[in-house]
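The basis for the numbers below is simple: all heavy atoms, side chains too, and nothing from hydrogens, waters or symmetry mates. To find a chain, count down the sequence lines: A is the first, B the second, and so on, and within it residues start at 1. A quick note: this is a predicted structure, and the numbers were derived from the prediction, not measured.
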Amino acid sequence: MELITGAYEPKEAESNIYEKWEQSGYFNPDKLPGERNEKYIVYMPLPNVTGTLHMGHALDNTLQDIVIRYHRMKGYKTLWFPGTDHAGIATQYVVEKELKKRGINRFELGREKFIEKIWEWKNKYGNTIIEQLKKLGVSCDWSRIRFTMDEKYAKDVQNAFVHYHEKGFLYRGKRVVNWCPRCGTSLSELELEYKDEKSKLWYIKYNFKDQNSKIKSVTVATTRPETMLGDTAVAVHPKDDRYKNMIGKTLILPIMHREIPIVADDAIDMEFGTGAVKVTPAHDMVDFEMGERHKLEVIQVIDERGKMNENAGIYNEMKAEEAREKIVERLKGEKLLEKEESYDHRVAVCYRCGHVIEPVPSLQWFLRMEELAKNALDAVKSKKVKIIPNNFEKKYFDWLENIRDWTISRQIWWGHQIPVYFCKNKLESISNENKEEYVVSLERPGTCPFCKKCEMEQSPDVLDTWFSSALWPFAGLSESDLKNYYPGTTLITARDILNLWVARMIYSGIEFKKELPFTNVFIHGTILTKDGKRMSKSLGTGIDPLKYIDQYGADATRFGIVWQASGQDIRWDETAIIAGKKFANKLWNASRFVLANASPNGISINQLNPHISASTDADKKILRALEKTKESIERDIKNFEFSRPLHTAYDFFWHEFCDIYLEISKKQLSVPNGKDENLSENTKAILIHVLLSSLKIFHPFIPFITEEIYSRIPLENKKECLMIEEW
RNA sequence: GGGCACAUAGCUCAGUGGUAGAGCGUCUCGUUUACACCGAGAAGGUCCAAGGUUCAAUCCCUUGUGUGCCCACCA
C-alpha cells in the first residue's frame, strides 16, 4: 500500500483503474459478492455503430452510471445492459459514402457484397463508441453486450414479425410514403427534417368542361405545378360561398385534358390561396387521404428516382424540377397561368442526406397500432411506468392517442430483411397489393405453394431500425437472462426518443413478454451550446467530450456535466469542468493530509467505527453534517436528481470538512506530549471515517479518483475495490 | 395555430411565501506544517414587465414581452 504522494494524474490512473474494474468481474451481477436479493437493471439507450461519443452520450451515460454505481454499493444486484444499434439508414449512408470515395458504387457492387462491406466496416469501426464509453468510466456488463443484428437478436426480430403477422396486425398497402430519392427508401414522419425554401406559388386556371356558363374556370394555387399531371380533383371547402354552387361540376385538367371533378372537403383552408386546391392523391399525404374520402383515382406521375414516369406523357423521364419549368412555360403559353408569387415555405428533407423528400405511392408493410398504442398508453396512465419528470407524459399521450399505423418496411439493404417469400413465377405480387401470393415464415419455405416448383424469393424489404430497437430489453437474451434480468428497472434517455423508442419498447414488452420492460423512465435535459443552440456535428457546434477527458480527466468531465444537469436543458459551460478538475485536486490533497496525519495503518475497517466518539464541538458538527449530507443525497438520487446531490456533497467536503474540520483537526492532533491521547486518536478516526464516507458518496459521480484514493488507504480488511463498498 | 419549458450576479445556473446562493470571472490581503487547482475577505442583483392574492411575493395567480423546444398545418 503506498501512501499518497505527488499530484494526481488522471490519464495514467484511469486506464489502470478501468482495467481493474473489468478484471474484477463486478460489472456482471452474477459475480457480485454477498447476498443480493433486490435487482436494479438499466437498459442503455443504444448508440449507433457509426456513432462517436458526443456530449449527449456523455450526459446520458454518466447519469446511468451514477444510478448503477449507487445501487451496486447499496447492495443491489445491478445490471446495466450495453449494446449497439445497426442503425439501418445511418450506417448504410456512412459506408456508402466511404465506398464512394474509393469509386465504388453500391448498385454495381450488388446487395450481398455491399452488406458484406458493411459488416467489414462494422467489425472494424463498430467498437469505437464502446471504447469511448469505457473512457467515461461506465460500469456496464460488457459480457452481455448485444448488437441489434446479432444472430440471436435477428431471430427474435423475425419472430416478432411473424407473431404480428399471425395476430393479424400486419398488412400491405399502398400509401403515399415520404420517399428519399437519394437514399432510395421510405422514411417515417419522425425521420423527416424541414428546411426553409424560397419558392413560388403558381396560380393555375382549370377550365370548366361546360364553357357555356358565365364562369369559365377555377384558379388553384400550387407550389408544385409538376404534380398537376396526376391531379384527379379540385377541392374546395363545403362552406365556401365562392365555390358552393360549383361542387360536383367537371373541370378539364390542363395539358392532360382529363376530366376531373370539384369535390368539397373540410380539410381545405378557405383563407389560403384561392380557396380551391388541386388534389394529387399520388404525391401528397393530405391529398391521398382526401382521395380515399372521395374515392379518387391515384395517378402516379413521379417515380422513385424523382423523375416523371410514363403517366406524365411527354414529360416522361424528365427530372421533376425540369418538368416543373417546362409545365409552367407551357401554361404561360396557353394563358392558363394567372400569376406567380414568391413564396417561402418549409420542405421536408431526408434526415440523413438532406435531399428533398418526394411523396410517392408505394407498397409497404404496416403494423396496426390501435391495440399496441392502447397498451402503451395504459401502462403510463396507470402509473405502472413512471415518466420523470411527469410533464413529458403529455407528449407521450398526445402521440399515442393520435397514432397512425406504423410503416415498418424500408427499401434499403442494411437491416433485418423481412421473413416474407414470394413465388418467383408470380413476382408481380411483390408490387401488387391485390396479389397476396406470399408466405410469411421464419424459415425459407421448401416448395412454393403457388407454382409448386420454384424456390421462393425473399422480399427485398428490410425493417425500420426502430422495429428492432423496440425489442431491446429482451431480444437476443439467453434463456437464463430472460428469466433473471427481465423486466428491468430504469431507462434514462433524452426526450427526443420518448415516442420513437420508449413507447415502442413499452408495448413490445407487453406484447411479447407480458410484462412491462421497466418502471421508471427518466428524461434528462439536452446539452446546448453556450448561446442556446443545438449541438450538431454537421453545424460544427458540437463539442467532443473526449477532448475534456483527455485534458482534465474523466472524473472532471463527469463532474462538469452532472454539476449542470439540473433537469433543464443545459447551456454548456466549460467552467464547470474546471471546477471538477479543481475538486479532484482538492479531494486528492485532503486525502494526502488525512493519510499523512491519521494513517490507519494496521486498523481493520471494521474497527473503525468504534473509534469514533465525538468529543469536541467540531467533532460532533462534522459527524452530524456527514449524516445529513448522506440522507439528502440518497433522497435526491432516488428522485433522479443528479446536480443537487453533487453540489451537496461538494459543499460538505470542501467547506465543512476541508475548510473547517481539517483546520481544527490540526490543533486536535497536535496535543502536546500525549496530554490528551484520546482526543488525538478520536480525531484520527474521525478524519479517516469522514474521508472514507466521502469517497463512497462521491464514487458514483467521480469513480476513478475515488477508487484510486481508496486503493491507497492502508486499512485492513478492505474490500477489493471501492466500487463494491457499502454506500 | 396548439402545447411544454424558461427569464435571478459579468457568464452558466441553483433556490425559497419572511436578511438573495453556487461555480467560473473580477478586486484586496495572505509563502498558517494537504492543496496557489489554496485560504481569508470584498465588490457585484428593482430576482423580465405590469397587475392581483397576502401582514408579507423573486417564489402563488393573471396578462404582457422575450427566448428555446415539441406537435399540427402550410395546397
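Look at A:Ser566 and you'll find a side-chain N or O under 4.0 angstrom from OP1 or OP2 of B:A14. Phosphate contact (OP1/OP2 of B:C6, side-chain N/O of A:Gln568, threshold under 4.0 Å): present. Residue A:Trp588 places none of its side-chain N or O atoms closer than 4.0 Å to OP1 or OP2 of B:C37. The phosphate of B:U32 has neither OP1 nor OP2 within less than 4.0 Å of any side-chain N or O from A:Lys666. When the side-chain nitrogen and oxygen atoms of A:Lys582 are compared with OP1 and OP2 of B:C24, one or more of them lie within a distance under 4.0 Å. Distances shorter than 4.0 Å separate none of the side-chain N or O atoms of A:Arg644 from OP1 or OP2 on B:A14.
In this structure, of B:C70, B:C35, B:A14, it is B:C35 that holds the atom nearest to the side chain of A:Glu663. Minimum atom distance to the side chain of A:Thr575 is reached by B:G23, of the listed B:U12, B:C35, B:G23. For A:Asp659, taking side-chain heavy atoms from C-beta onward, the closest of the listed nucleotides B:A40, B:C13, B:A22 is B:A40. Between B:C69, B:C70, B:A34, one nucleotide has an atom nearer to the side chain of A:Arg495 than all others, and that is B:C69.
A:Trp572 comes within contact range of no nucleotide atom at all, as no heavy-atom separation falls under 4.0 Å. Contacts of A:Asp651 with the nucleic acid, taken as non-hydrogen atoms under 4.0 Å apart, are absent. Nucleic acid contact class of A:Ala590 (heavy atoms, under 4.0 Å, all strands): base. Within the 4.0 angstrom heavy-atom criterion, no nucleotide atom of any strand lies near A:Asp398. A:Lys533 comes within 4.0 angstrom of nothing in the nucleic acid, heavy atoms only. Nucleic acid contact class of A:Leu662 (heavy atoms, under 4.0 Å, all strands): base. Residue contacts shown for A:Val286 are limited to sugar-phosphate atoms, with no base heavy atom under 4.0 Å away. Residue contacts for A:Arg224: at a heavy-atom cut-off of 4.0 Å it reaches no nucleic acid atom on any strand shown. Residue contacts for A:Trp202: at a heavy-atom cut-off of 4.0 Å it reaches no nucleic acid atom on any strand shown. In this structure, A:Tyr650 reaches the sugar-phosphate backbone alone: every heavy-atom distance under 4.0 Å involves primed, P, OP1 or OP2 atoms, never a base.
Within a 6.0 Å sphere centred on NZ of A:Lys621, other residues, nucleotides and ligands contribute 12 heavy atoms or fewer.
Salt bridge absent: A:Lys205 and A:Glu338 never bring a charged side-chain N and a carboxylate O closer than 4.0 Å.
Mapped onto RNA chain B by nearest heavy atom, A:Arg571 and A:Phe583 fall at different nucleotides, with A:Arg571 at the one closer to the 5' end.
Residue A:Phe698 is tested with A:Phe583, A:Trp588, A:Phe559 for a ring pair (Phe, Tyr, Trp, His ring centres under 6.0 Å); the sole match is A:Phe583.
Looking only at atom types and distance, the side chain of A:Gln668 has a donor-acceptor partner in the side chain of A:Thr616 under 3.5 Å away.
Between A:Phe701 and A:Phe642, the gap from one ring centroid to the other reaches at least 6.0 Å.
Pairing of B:U62, defined by two Watson-Crick or G-U wobble distances under 3.5 Å, is identified with B:A50. Using N1 to N3 plus N6-O4 or O6-N4 for Watson-Crick, or N1-O2 and O6-N3 for G-U wobble, each under 3.5 Å, B:U31 pairs with nothing.
What separates CD of A:Glu401 from P of B:G2 is a distance of 19 Å, to the nearest Å. Atom-to-atom, CD1 of A:Ile578 to P of B:C35 comes out at 21 Å; the value is rounded to the nearest Å.
Between the side chain of A:Lys586 and the base of B:C37, no donor-acceptor pair under 3.5 Å is found.
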Stepwise, does the side-chain contact (heavy atoms from CB on, under 4.5 Å) test hold for A:Leu229 with A:Met308?
CA-CA 10 Å; A:Leu229 305 179; A:Met308 308 306 288; 3.7 Å; yes
